[in-house]
Amino acid sequence: MSSSDGAPESWISSYCSLMGHEFFAEVAEDFIEDDFNLTGLGSQVPMYKEALEMILDVEPEDDEDDEDEDEDDEDDDALGDDRPAGYRKEGGRRHMRVASDLSVIESSAELLYGLIHQRYITSRPGIQQMFEKYELQHFGVCPRVYCNGCRVLPVGRTDTPGIDTVKLYCPSCQECYTPPNSRFQSVDGAFFGTTFGCLFFMTFPDLDVGARGETAISPTPSNNLSANSRHAALASSNPSTPTSTANSLPPQPAQINGIPTPNLAPGLGATKVYVPRIYGFRVSERAKSGPRMKWLRIKPDDVNELDESTIYHSNRTIEELEDDDMEMGNADTQLQQQQAAIGKRKMAPIRRRRQQQQQCGVVGSADRTSVNGVGQAG
């Protein structure tokens, strides 16, 4: 394989350019060459060394093979015409196994690269590379209508390979979807892992996850879209939402826990749930054909309800908060006492053994003294 300019293409580039591997980032060779980043992978991947050499395009060492071939040639010269009928050189058997070994090494290299990729995309250069792919919409958009084409992110539901395929996470409705294209059905979800999706949006909290065509969110509160303005716009576009609800909301915060409030699941809420109707009349929720699992789309109109820490401290007096601190301190003290008691129980056999050894040593020394004394007296 070679690129258009004549330079040979690396294994990593060729692997990421295959059909169905568009979600993968090209892991830097410096990251792979650092042994710390590969800790524990040797026990999970068969033929680990050969697979790593294939990923890094390292030629296997042929010194032993050359020595074996020289020995075989010497044996052939020594035997001459006296070779038995079933005689065959060891090198011939080795070359017969090359094709099968190559396929095993190739599959091991794909597994190893996927596990390395899971770790790489949680590092600073890896998550930056995935951010560029996210901005270019390489992962597609959410299939849900009320998310208005929100960009999705590839994630895994497990970190163990061979269990589940890759999924697409939508930050607007906070749901995971199966990729619509069948070529992604063979991509292991463990190659992206369960950490990447959450860490990505924590690393880029100002990233606009709303509908396409909206202005990007600025970290300054003056340029942020407030929840009131967004809710008012939704209320004006949807006649089923009463305007009094939008006007009666208290002042909405610009951020909650460092995340802009417009980025808190913008695809959910009262105006983002499909309402089934028959001739213009809504179907009752108690009907057999009524809406089910509607609570999955529930989102409070007042974003302040999501700030649980502020609500907790505002509903409790200073004395109650002090009592809570004392209870937490007592709980920590009890935990320390329990750990100390467990440590004492673990050390008890050792102390008993030492005491027994000391007693045996004292008795033994006394016996030896008496014996020596008797011997001297005799």
Side-chain angles (χ1 to χ4, degrees), residues 1 3-5 7 9-32 110 113-114 116-157 165-219 223-225 259-260 262-267:
M1 292 177 293
S3 58
S4 58
D5 56 354
E9 188 178 13
S10 65
W11 186 95
I12 298 176
S13 300
S14 62
Y15 179 79
C16 294
S17 61
L18 294 176
M19 181 176 295
H21 294 178
E22 290 84 356
F23 293 167
F24 286 95
E26 293 191 12
V27 182
E29 292 187 0
D30 296 340
F31 184 88
I32 301 176
E110 294 178 0
Y113 182 80
I116 296 174
H117 182 269
Q118 176 195 128
R119 301 182 179 186
Y120 177 70
I121 59 178
T122 58
S123 64
R124 180 175 296 180
I127 206 169
Q128 182 65 34
Q129 188 174 347
M130 296 296 283
F131 172 77
E132 296 174 359
K133 294 171 71 68
Y134 181 84
E135 285 287 303
L136 297 174
Q137 201 173 307
H138 286 182
F139 310 124
V141 297
C142 180
R144 187 168 175 264
V145 174
Y146 286 108
C147 289
N148 298 321
C150 176
R151 289 166 292 186
V152 294
L153 199 68
V155 295
R157 297 195 298 179
T165 58
V166 66
K167 305 299 178 186
L168 298 176
Y169 170 72
C170 174
S172 179
C173 61
Q174 298 183 352
E175 287 285 353
C176 288
Y177 299 93
T178 301
N181 200 314
S182 60
R183 67 170 177 259
F184 299 110
Q185 301 299 322
S186 60
V187 180
D188 202 318
F191 295 167
F192 297 87
T194 58
T195 303
F196 168 64
C198 300
L199 182 63
F200 181 85
F201 292 105
M202 291 177 65
T203 307
F204 306 102
D206 298 327
L207 186 64
D208 183 17
V209 299
R212 288 179 296 180
E214 295 183 356
T215 56
I217 296 176
S218 173
N223 295 332
N224 281 341
L225 289 173
I259 300 177
N263 279 348
L264 295 174

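The first residue of the sequence shown is numbered 1, and numbering continues consecutively from there. Predicted model only: the values in this text are computed from it and were never measured. Just so it is clear, the values below take in all heavy atoms, side chains as well, and ignore hydrogens, waters and symmetry mates.
By the 30° and 60° cut-offs, the orientation of the rings of F192 relative to F23 is perpendicular. Using a 30° and 60° split on the angle between ring planes, F24 and H117 fall in the perpendicular class, above 60°.
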For this session: Show your working on side-chain contact (heavy atoms from CB on, under 4.5 Å) between I116 and F31 and close with a plain yes or no.
Result: CA-CA 9 Å; I116 296 174; F31 184 88; 3.9 Å; yes

Problem set entry | Check against side-chain contact (heavy atoms from CB on, under 4.5 Å), E175 and C147 | CA-CA 11 Å; E175 287 285 353; C147 289; over 6 Å; no

For this session: Carefully, step by step, assess C142 and S172 under the rule side-chain contact (heavy atoms from CB on, under 4.5 Å).
Result: CA-CA 9 Å; C142 180; S172 179; over 6 Å; no

For this session: I would like to know whether Y134 and F204 meet ring-ring contact (aromatic ring centres under 6.0 Å, His included); could you show each step before the answer?
Result: CA-CA 12 Å; Y134 181 84; F204 306 102; 8.9 Å; no

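The distance from atom CZ of F201 to atom CG of D206, rounded to the nearest 0.5 Å, is 13.0 Å. A distance of 9.5 Å separates CE of M19 from CZ of F184, quoted to the nearest 0.5 Å. Put simply, CG on L168 and CZ on F139 are 9.5 Å apart, with the number rounded to the nearest 0.5 Å. Summarising the geometry, atom CD belonging to E135 is positioned 5.0 Å from atom CZ belonging to R151; distances are rounded to the nearest 0.5 Å. Remark: F200 CZ to I127 CD1 distance equals 6.5 Å, nearest 0.5 Å. Separating the OG1 atom in T178 from the NZ atom in K167 is a distance of 3.5 Å, to the nearest 0.5 Å.
No donor-acceptor pair under 3.5 Å is formed between the side chain of E26 and the backbone N or O of S13. With hydrogens and angles disregarded, no donor-acceptor distance shorter than 3.5 Å links the side chain of Y113 to the backbone of I12.
Nearest heavy atoms, G156 versus T194: O-CG2, 3.3 Å. What you find for Q174 and A265 is that their closest heavy atoms are NE2-CB, 3.8 Å. Nearest heavy atom pair, residue I121 against residue F191, reads CD1-O, 4.4 Å. Minimum heavy-atom separation, G267 to R144: O-NH1, 2.7 Å. For the residue pair V187 and G20, the shortest heavy atom distance occurs at CG2-O, 3.3 Å.
Residues T203 and Q128 are not in side-chain contact: their nearest non-hydrogen atoms beyond the backbone lie 4.5 Å or more apart. Side chains of E22 and K133 form no contact here, defined as non-hydrogen atoms less than 4.5 Å apart. When side chains are defined from C-beta on, V155 counts as touching C176, because their heavy atoms get closer than 4.5 Å. Contact check for M130 versus P154: side-chain heavy atoms found under the 4.5 Å cut-off. Counting only heavy atoms from C-beta outward, the side chains of F196 and Q118 never approach each other to under 4.5 Å.
Annotation: R119, atom CZ; neighbour count of heavy atoms from other residues, nucleotides and ligands within 6.0 Å is above 12.
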